[in-house]
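Note that ligands are numbered from 1 as they come in the structure, with each ligand's atoms numbered from 1 the same way. These values consider heavy atoms only, across backbone and side chains, with no hydrogens, waters or symmetry-generated copies. In this chain, numbering begins with 1 at the start of the sequence shown.
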Amino acid sequence: MSAPDLALSVKVHADDNVAIVVNAKGARAGQVLADGTRLVENVPMGHKVALAAIKEGEPIRRYGEVIGHADRDIPKGACVTETLVRMPEAPDLARLSRVRRPIPETPPLEGYTFEGFRNPDGSVGVRNVLAISISVQCVAGVVAHVVERVKRELLPKYPNVDDVVALDHTYGCGVAINAPDAIVPIRTLRNLARNPNFGGEAMIIGLGCEKLVPEMLRSGPADPSAIVRLQDEAFTGFAAMVDGVIAQAIPRLERLNARRRETCPVSDLVIGVQCGGSDAFSGVTANPAVGFAADLIVRAGGAVMFSEVTEVRDAIHLLVERAADDGVADALIREMDWYDRYLARGSADRSANTSPGNKTGGLSNIVEKALGSVIKSGGSPIVDVLSPGERIRKKGMIFAATPASDFVCGTQQLASGIALQVFTTGRGTPYGLAAAPVVKVATNSALATRWFDLIDLDAGRIATGEASLETVGWELFHLILDVASGRKQVAADRLGLHNALALFNPGPVT
Ligand code: CA
């Protein structure tokens, strides 16, 4: 008798009645999984196989949670495609249990440091960047010209300054500036300029007639940020305008250039995590590895933000039970409720999140995606909740409410104070941020191989058994410290791949 033709698969939880296929080329009908299940049809990589016969209406379980109910009878060994999974309702916020699960104390992690730029406000940056903020999109063309000139003519004279970045956006005028939701883009812009990678030296360029007056972008009366208005009568013509902005930039470049990296404990580090282009591996490889590294940073006293409201909405019960106190539990539910109503205004719900690529990658619905997504937040207690654009207040694991859209989440997390972002992807995205390094983690080795120069770490080795979750988690932790110290450059920075900033503006445009 010949040995069975085995296909590789991953079953996450003992209660699951599906597993996902790991083989890069998928598995064929007739192949057998580790538990003896024989495939009755071909199953692509990342897609689910029924490990038992599932009758119509019966629950389909992954991560030990119900991701849906069978739309019709599913035979054992069949591919559980999206159309076979009936999506359950999102957890009812009004009836959510507030009972908190005791989280075992973990010992502090000591002895790890990084080389960062310490700022006057106590925050620590991982890059030394001159930021030019704008109060309205009208000035963006002039600022782009200034940035180009600073890069060409001035940066070579200031070798310790890493870059000059325009904080470009489409807000500032033609908007209902007094509408209640305008607070979100306004505080986002104000806090963006205070990102730790800008050394407290961001400058503000305004036009002169816009609704968002540049003073509104200062953090307080003591904030000395330079403001230049292009309609200032002192400027005769374009060249004078550009010279006026550059005159303000020069003393800032000089001060930034005098700064040096210094050894800082990991407790000074603030990072963000998010995912984009997720697949069925996200929740078993890259996201758990990120969660493991995130817990290490929290144990070392640092701060980690996770976000993406529509991707945590269906797993909110798992987050509320990790809330450090009643205030955090209430705030988590409040942010979910706000976003439910925001989506309802647009006649949508959280199911609008999943993309065609998610589904091709094996994710049936937002419930399955959310369960895999929240694993990025590790297991630490959640100590604080930030509304969109609010600045970090505490160390530890923090939920920063943002849309899941990659560039919007990136922009909002920068405003909340991240110095570095970790980004997991299964389908692949060249996403990057000019203001902060983005460490890209692949969920599957097929992507890491094909995008060998775009991906920083291959977590797909967890699914194939080449490396343990702990091994990849520690690798990521060390990679984060190397990138934060300027010892390693991430792929997106090496290739110069940076997305435009994209503010979250839930308010009306006029
Ligand atoms: Ca995202």
Side-chain angles (χ1 to χ4, degrees), residues 184 188 271-283 285-291 294 304-316 319 335-336 339 342-343 348-363 365-378 386 388-389 398-416 418 420-444 447 451 454-457 459 490-492 497-506:
V184 173
T188 298
I271 74 158
V273 300
Q274 77 150 322
C275 48
S278 297
D279 66 2
F281 287 103
S282 298
T285 59
N287 289 351
V290 169
V304 179
M305 282 176 209
F306 70 108
S307 297
E308 304 176 289
V309 172
T310 49
E311 278 169 31
V312 308
R313 178 64 181 86
D314 282 271
I316 189 62
L319 299 182
E335 291 299 335
M336 297 301 119
Y339 218 93
Y342 166 71
L343 289 171
D349 65 23
R350 88 283 191 215
S351 68
N353 173 299
T354 36
S355 69
N358 291 152
K359 294 184 175 178
T360 317
L363 290 173
N365 59 34
I366 186 60
V367 183
E368 185 178 14
K369 186 173 173 180
L371 290 166
S373 176
V374 296
I375 298 175
K376 293 197 298 297
S377 67
L386 302 176
I398 296 158
F399 180 68
T402 78
S405 155
D406 296 349
F407 8 94
V408 181
C409 172
T411 305
Q412 297 299 134
Q413 285 192 351
L414 285 171
S416 292
I418 61 160
L420 177 153
Q421 196 181 48
V422 176
F423 190 105
T424 68
T425 184
R427 307 291 297 165
T429 166
Y431 167 87
L433 296 168
V438 176
V439 176
K440 211 77 67 60
V441 183
T443 72
N444 64 83
L447 173 68
W451 282 25
L454 291 146
I455 295 292
D456 298 295
L457 188 68
V490 295
L497 306 177
H498 298 137
N499 288 97
L501 294 175
L503 286 186
F504 180 36
N505 176 22

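Panel note: side chain Lys440, backbone Thr429; a donor-acceptor pair is recorded below 3.5 Å.
Counting only heavy atoms from C-beta outward, the side chains of Leu414 and Leu501 approach each other to under 4.5 Å.
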I'd like to know whether Asp406 forms a side-chain hydrogen bond (donor to acceptor under 3.5 Å, both in side chains) with Asn499, so could you lay out the CA-CA distance, the side-chain angles of the two residues, the decisive distance to 0.1 Å, and finally the verdict. CA-CA 9 Å; Asp406 296 349; Asn499 288 97; over 6 Å; no
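Residue Glu308 approaches the Ca ion (ligand 1) most closely through its N/O/S atom OE2. Looking at Asp406, its N, O or S atom nearest to the Ca ion (ligand 1) turns out to be OD1.
Taking backbone and side-chain atoms together, Ser405 has no N/O/S atom less than 3.0 Å away from the Ca ion (ligand 1). Inclusion of Cys275 in the first shell of the Ca ion (ligand 1) is supported: an N, O or S atom falls under 3.0 Å. Taking backbone and side-chain atoms together, Gly276 has no N/O/S atom less than 3.0 Å away from the Ca ion (ligand 1).
For the side-chain contact (heavy atoms from CB on, under 4.5 Å) with Lys369, the lone residue among Ile366, Leu371, Val367 that qualifies is Ile366. Checking Lys376, Gln412, Arg313 one by one against Glu308, the side chain to side chain donor-acceptor pair (under 3.5 Å) holds for a single residue, Lys376.
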